[in-house]
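In what follows, a structure is listed as structure tokens, so that the remarks can point back to it.
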Amino acid sequence: MNDYFYFGGLLIGFIWTFKTLQSTEIEKIFKKGHVWQIRSAYTLLALLGGHVFGSVFERIYLLILRAFEL
């Protein structure tokens, strides 16, 4: 069951981080015409953000689960 919460958090975190990165205009750091590198950076940073969000989401679920155990 923990895996479902992690995966759900990963998806939500990936989308949230990706949309946030698009609004930051990080393309200005890269040279013009390097579209592949820009897309790779977006994807890797969004996966990292999604992983962190998913891990936090899973740990909150586990804390709540353990809090209500008798």
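No hydrogens, no waters, no symmetry mates; every other heavy atom, side chains included, goes into these values.
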Same cluster or not: Phe7 versus Phe53, using hydrophobic residues (I, L, V, M, F, W, Y) connected whenever any side-chain heavy atoms lie under 4.5 Å apart? no
Between the side chain of Thr24 and the main-chain N/O of Leu21, is any donor-acceptor distance below 3.5 Å? yes
Nearest non-hydrogen partners of Asn2 and Tyr61, listed with the distance: OD1-CE2, 3.2 Å
With the side chain counted from C-beta on, respond yes when Leu45 and Ile26 share a heavy-atom pair under 4.5 Å apart, and no when they do not. yes
With a 4.5 Å limit on heavy-atom distance, are the side chains of Phe57 and Tyr6 in contact? no
In terms of side-chain geometry, is the basic nitrogen of Glu69 or Arg66 positioned less than 4.0 Å from the acidic oxygen of its partner? no
Leu10 and His51: which non-hydrogen atoms are nearest, and at how many Å? CD1-N, 3.4 Å
In this structure, NZ of Lys19 is separated from OH of Tyr42 (nearest 0.5 Å) by 11.0 Å
Kindly indicate whether the side chain of Val35, heavy atoms from C-beta on, has any atom under 4.5 Å from the side chain of Arg39. yes
Between Glu27 and Gln22 the two heavy atoms that sit nearest each other are OE2-O, 4.4 Å
Hey, quick one: are Ile38 and Leu44 part of the same hydrophobic cluster, counting side-chain heavy atoms closer than 4.5 Å, chains of contacts allowed? no
Say whether Tyr4 and Leu11 are linked into one hydrophobic cluster, either directly or through other cluster members, by side-chain heavy-atom distances under 4.5 angstrom. no
Atom pair CD (Glu58) and CZ (Phe5), whose distance is rounded to the nearest 0.5 Å: 10.0 Å
If hydrophobic clusters are built by linking Ile, Leu, Val, Met, Phe, Trp and Tyr wherever their side-chain heavy atoms come under 4.5 Å apart, do Ile64 and Leu62 end up in the same one? no
